[in-house]
Number of protein chains: 2
Amino acid sequence: MESDADLRFDHDSPERVKRQLSRLTGMTAGQMRKVASAALAGVGAHKDHFVVLASLAETGPASQAQLSDRTRVYRSDLVAVLNELAAAGFVQRAPDPEDKRRNVITVTEAGRERLAELDAVLEGVNEHIMAPLDEDERAMLFRLLARVNAHLADG
Amino acid sequence: MESDADLRFDHDSPERVKRQLSRLTGMTAGQMRKVASAALAGVGAHKDHFVVLASLAETGPASQAQLSDRTRVYRSDLVAVLNELAAAGFVQRAPDPEDKRRNVITVTEAGRERLAELDAVLEGVNEHIMAPLDEDERAMLFRLLARVNAHLADG
DNA sequence: CCAGCGGCGTTAGCGCCACTAACGATCCGT
DNA sequence: ACGGATCGTTAGTGGCGCTAACGCCGCTGG
């Protein structure tokens, strides 16, 4: 299955290519995404399921538009995510009595348990991903990436 | 055009989500990719064009299969890339006399000039991306990411 | 009061990217 | 001489970020 035998950054990469931070970051992000989504798929879940459940559990019930803003899952894609979560009984989708355009999304008790499960799965993933780094290095990597991210977020 | 107004990692992200290195890395990689591909599109180029030209210039002529291994551009996608590069006169695609299955791809003088151009564009991109970091921090970020990358590359 | 603007959820679809499948042509080992 | 592997090529898949359009509803102003 794993054709990822050698996704290593260098190997035979030209020197000019090795200097591109975007390439190294992109490759590593791809590796991480594979690991995370495989782990989530192992329990029948998806990245967005986790983010949505986490937002609902931490910030409380919300309309779909609010949820979209909080999670950066597009409104159009959120529909399917909520369909799945609702079908599994992890969230409840009820019409908002105060505004008939909206739905109020609420996490159920089963949803909180599911979130705990996904959280545990992802903690394992995180641990695996950052295995070669010690605590200081992990914090450093987070901080450096966050600074670049914040910088790029301002046009 | 830019709907990227706020791609910032946190903002309202749930705590659990902020701890996911894969998410931060993925978001930042996406930002970087946009910047780089926009810059390359500005001169009518593509990421793969750069990688392929760099490989040819630094490691010499190669068959398409070899090129695919060196650049990690899939053989199937390489076809279109080489069509474009050849049409622009940046590479030459000639049948290999020693093996009629193969083509020998060679970079032309125009191709070397094109590579220099793309290299300059990407140096600007790199500089922009890493603007908030000093030299030590850039090196640190590279090293940390490379270690994670290498670790994940070994199943 | 009612007309129009704008936000709501939903459906459909686009474009990019990593990746796979299949195929005819050619080479190579036995 | 034959079978299997490798070459370039075409087509297609699936995920992900993102846009477009639509019917429904609320809100405001003339």
### Message
Can you measure Leu67(A) atom CG to dC8(C) atom C1' for me and round it to whole angstrom units?
### Response
14 Å

Would you tabulate the nitrogen or oxygen pairs shorter than 3.5 Å linking the protein to nucleotides 14-17 of chain D?
| unit_1 | atom_1 | unit_2 | atom_2 | d |
| --- | --- | --- | --- | --- |
| dC16(D) | OP2 | His46(A) | NE2 | 3.0 |

### Task
Taking side-chain hydrogen bond (donor to acceptor under 3.5 Å, both in side chains) as the test, write out the residues that go with Asp119(B), two or more places apart.
none

## Note on the structure
Numerically ordered, the residues 56-65 of chain B set in heavy-atom contact under 4.0 Å with DNA chain C is none

#### Entry: Which residues share a side chain to side chain contact (heavy atoms under 4.5 Å, CB included) with Ala39(B), sequence neighbours left out
Val121(B), Val125(B)

### salt bridge (Lys or Arg N to Asp or Glu O under 4.0 Å) partners of Glu98(B), counting only residues at least two apart
none

### Any pair counted as side-chain hydrogen bond (donor to acceptor under 3.5 Å, both in side chains), so long as it reaches residues 36-45 of chain A, sequence neighbours left out
none

### Task
May I have the distance from Arg75(B) (atom CZ) to dA11(D) (atom C1'), rounded to whole angstrom?
16 Å

### Message
Once salt bridge (charged side-chain N to carboxylate O under 4.0 Å, His left out) is applied, what residue pairs with a partner in residues 50-59 of chain B remain, sequence neighbours excluded?
### Response
Arg16(A)-Glu58(B)

### Query
Given atom CG of Leu82(A) and atom C1' of dG9(C), what is their separation to the nearest angstrom?
10 Å

### Summary
note: Asp69(A), atom CG; dC18(D), atom P; distance rounded to Å ~ 14 Å

### Query
Listed by chain and number, what are the salt bridge (Lys or Arg N to Asp or Glu O under 4.0 Å) partners of Arg102(A), not counting sequence neighbours?
Asp99(A)

## Note on the structure
To the nearest angstrom, the CD-P distance between Gln66(A) and dC8(C) comes to 8 Å

### Task
For residues 140-153 of chain B, pull every pair meeting salt bridge (charged side-chain N to carboxylate O under 4.0 Å, His left out), keeping only residues two or more places apart or in separate chains.
Glu137(A)-Arg147(B)

### Message
More than 12 heavy atoms of other residues, nucleotides or ligands under 6.0 Å from CZ of Arg93(A): yes or no?
### Response
yes

### Sequence-distant partners of Glu113(B), side-chain hydrogen bond (donor to acceptor under 3.5 Å, both in side chains), two or more places apart
none

Give each protein N/O atom lying under 3.5 Å from an N/O atom of nucleotides 24-30 of chain C, with the pair distance.
| unit_1 | atom_1 | unit_2 | atom_2 | d |
| --- | --- | --- | --- | --- |
| dC27(C) | OP1 | Lys100(B) | N | 2.6 |

### Query
What residues form a side chain to side chain contact (heavy atoms under 4.5 Å, CB included) with Val73(B), not counting sequence neighbours?
Asp48(B), Thr71(B), Asp77(B), Leu78(B)

### Query
Going by heavy atoms in the side chains, are Leu145(A) and Met27(B) under 4.5 Å from each other?
no

